[in-house]
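Down below is the structure, laid out as structure tokens.
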Amino acid sequence: MPTKQVPQPELIFEKSRPGRVGCNVPTADTPEVDLNAVVGETREELHLPEIGELDLLRHFTNLSHINYGIETGFYPLGSCTMKYNPKINERTAALPGFANLHPLQPVETLPGALDILIGVQEMLAEITGFDHITLQPLAGAHGEMTCLMLIKAYHESRGEGEQRHTVLVPDSAHGTNPASAARCGYDVKSIPTDPDGNTDLAALAKALEGDGGKAVAALMLTNPSTLGLFEPNIQQICEMIHQAGGQVFCDGANMNAMVGTTRPADHGFDCMHLNLHKTFSTPHGGGGPGCGAIGLQAHLEAFQPVPVIRRPEPESAPKADYNRPLSIGRVSAFYGQFLMEVRAYTYLRAFGKEYMADISRHAVLNANYVRARLKDVLPPAHDRPCMHECILTAERYKKEHGVRALDISKRLIDYGFHPPTNYFPLIVPECLMIEPTETEAKETLDDFCDAMISICREAEENPDLLHNAPSTSVVGRLDETAAVKNLDVRWRSSGKDETLHTDRGREITHGEGFDGRRVDTVPSVR
């Protein structure tokens, strides 16, 4: 376990010295223009730091070394599938024929790109069992909303648009589910989870009784759920909704547990979204581009967004079809995130039909291994095999020692691991959601479990050690509430000499001066 205190890096403004520049400015072609003066005026106007190229390079390189990513360590965020992204995907996406395409090029100049899109659609249709796939939505929540827009258009086409104004959402759902429903103008009704971690069938039946059932437009169900459990009654649930005239949406955020093993369309779902940026290639941490592809059954096909990429004939060139009178219209300015689809295409072809099931089998195996190793110190929320992630509770440590799940996660940083997801799903007290993914080796999982077991022992013997963790990070424990309420993420300068006060208690005066505001993105540390 590391014990050395990590030195605090200086801000780029603290390294600034008057007159230093990071590049050699060439002589202008026109004598009346002094490029050095232009650069100087721009730097002064924008209040940019003055620093040499080498110092600039070292500054940002050193910052990158204290960053944490999937390539530097285990990243067990649950429901996020922070798995390793094979580099072949990145190399493919960087090929000039893909990377240099322009979104305004005529469709006729893009036959290869359209072939990629068709290929991804066909493979995803085979994997999910749905009749149609569209790749237009730009992220998972966008895909959810698009599915609800399709469902709304479907009900309106049947003359039931106003009548069906309610969407049912389990209490364990991702927060984007009720948000997407509300954004589409629906009322949201919560369905509780039963003691076994499944959808409460009695509560669902009650919600569908009489006029209540006639008002239901859809049920949004995550399977496997955010409790990391496969819904054993899924076919019965879909039948109940269909008998009431509603539609069933599958939140596919956890498709990592089912790839190649079982198909959501076969369970009875009418549509679903897929996070290509999670399940089928690039992990979505760090704010990178997403792709929320959706699958839909044939009865929703007429309403899908335009353009529809398809082949008019089996062997013909792909076309972008805009002649869709019942379409909900565009849901993005261009056709999705094309380079994410190139990555997904590479990923799917690399596994092939023969090895696709290995993804889900290894993901489920790894999660159950972590669950089994930690069950004596962090009991699972539900005592049954999990799917791609295990949901554990630290409630005992809070009651007996005043140690929260957050304290355990903060202490894990001192052991060199990224913390898992905390306090979600909300229905599990002191929740720790751990998703090891299929890409991690047993040795990594053992190191992680050993660290968690050691931390639980520390929680019993020395709770204050966890209360004050992490002790080896750059800024210590952040005041997360203050960070949200007093967010300050950009540099401001007043244009005159003033003293800069930082959260580290130092004062500096430099250059054109600063307005005295805090400069750290998080305004308070412990």
Side-chain angles (χ1 to χ4, degrees), residues 81 83-147 252-253 255-256 259-260 264 271-296 301 304-311 317-322 330-353 356 359:
T81 320
K83 63 186 180 185
Y84 175 67
N85 175 36
K87 292 308 172 192
I88 184 63
N89 303 351
E90 299 300 324
R91 289 196 290 271
T92 305
L95 290 173
F98 295 138
N100 295 337
L101 294 182
H102 194 283
L104 294 179
Q105 280 183 235
V107 174
E108 296 76 20
T109 68
L110 303 170
L114 296 185
D115 269 327
I116 292 290
L117 298 179
I118 290 285
V120 174
Q121 290 174 181
E122 290 175 347
M123 286 186 279
L124 293 181
E126 178 69 19
I127 290 168
T128 62
F130 286 100
D131 297 315
H132 302 277
I133 300 288
T134 179
L135 305 173
Q136 283 196 55
L138 302 178
H142 194 197
E144 291 175 14
M145 190 175 76
T146 302
C147 283
M255 186 66 187
N256 216 49
V259 175
C271 55
M272 76 176 298
H273 91 273
L274 293 161
N275 291 326
L276 300 196
H277 53 289
K278 289 167 58 177
T279 305
F280 295 104
S281 185
T282 308
H284 72 324
C291 181
I294 61 173
L296 51 147
E301 189 273 339
Q304 66 177 306
V306 292
V308 173
I309 307 299
R310 63 185 182 88
R311 298 185 193 276
K319 301 289 184 181
D321 182 8
Y322 288 87
R330 285 183 177 271
V331 296
S332 58
F334 303 104
Y335 198 86
Q337 302 280 18
F338 175 66
L339 293 181
M340 291 305 300
E341 287 136 14
V342 173
R343 291 177 173 90
Y345 182 88
T346 307
Y347 184 83
L348 290 164
R349 291 296 298 267
F351 277 92
K353 192 171 184 178
M356 193 65 62
I359 297 172

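From a predicted model like this one, the values you see are computed outputs, not experimental measurements.
- Between Arg311 and Asp115 a salt bridge is recorded (basic side-chain N to carboxylate O distance below 4.0 Å).
- Of all the heavy atoms in Asn275 and Gly140, the pair that sits closest is OD1-CA, 2.9 Å.
- What you find for Gly336 and Ser332 is that their closest heavy atoms are N-OG, 3.7 Å.
- The side-chain heavy atoms of Arg330 and Tyr322, taken from C-beta on, include a pair separated by under 4.5 Å.
- When all heavy atoms of Leu339 and Ala93 are compared, the pair lying nearest together is CD2-O, 3.5 Å.
- In this structure, the side chains of Asn256 and Lys278 stay at 4.5 Å or more apart for every pair of heavy atoms.
- Nearest heavy atom pair, residue Val331 against residue Pro137, reads CG2-N, 4.3 Å.
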Passes side-chain contact (heavy atoms from CB on, under 4.5 Å), Tyr345 versus Thr92? Steps please. CA-CA 9 Å; Tyr345 182 88; Thr92 305; over 6 Å; no
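- With Glu144 contributing its side chain and Gly292 its backbone, the two residues share no donor-acceptor pair below 3.5 Å.
- Taking 4.5 Å as the limit, every side-chain heavy atom of His132 sits out of range of all side-chain heavy atoms of Val308.
- Atom CG in Asp131 sits 9.0 Å away from atom CD in Glu301 (nearest 0.5 Å).
- In this structure, OG1 in Thr279 is found 7.5 Å from CE in Met255, a value given to the nearest 0.5 Å.
- Side-chain contact between Thr346 and Ser281 is absent, with no heavy atoms from C-beta onward closer than 4.5 Å.
- With a 6.0 Å radius and a threshold of 12 heavy atoms from other residues, nucleotides or ligands, Arg349 has its CZ atom at or below the threshold.
- The closest side-chain heavy-atom distance from Thr146 to Gln136 is not below 4.5 Å.
- Among all heavy-atom pairs drawn from Gln105 and Leu110, the shortest one is NE2-CD2, 3.4 Å.
- Between Pro318 and Leu117, the closest side-chain pair of non-hydrogen atoms is not below 4.5 Å.
- The closest side-chain heavy-atom distance from Tyr347 to Ile359 is below 4.5 Å.
- Atoms CD and CG, on Glu341 and Leu348 in that order, are 11.5 Å from each other to the nearest 0.5 Å.
- For the atom pair CD1 (Ile133) and CG (Leu296), the distance works out to 7.0 Å, reported to the nearest 0.5 Å.
- Atom NE2 in His102 sits 7.5 Å away from atom CZ in Phe334 (nearest 0.5 Å).
- Considering every non-hydrogen atom in both Ala113 and Phe338, the closest pair reads CB-CZ, 3.5 Å.
- The line from CD of Gln337 to SG of Cys291 is 7.0 Å long, rounded to the nearest 0.5 Å.
- Taking 4.5 Å as the limit, some side-chain heavy atom of Pro264 sits within range of a side-chain heavy atom of Phe130.
- Here the rule is side-chain contact (heavy atoms from CB on, under 4.5 Å) with Leu135, and of Ile116, Ile309, Leu124 only Leu124 fits it.
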What's the verdict on side-chain contact (heavy atoms from CB on, under 4.5 Å) for Met340 and Leu276, showing C-alpha distance, side-chain angles and the deciding distance? CA-CA 7 Å; Met340 291 305 300; Leu276 300 196; 5.7 Å; no
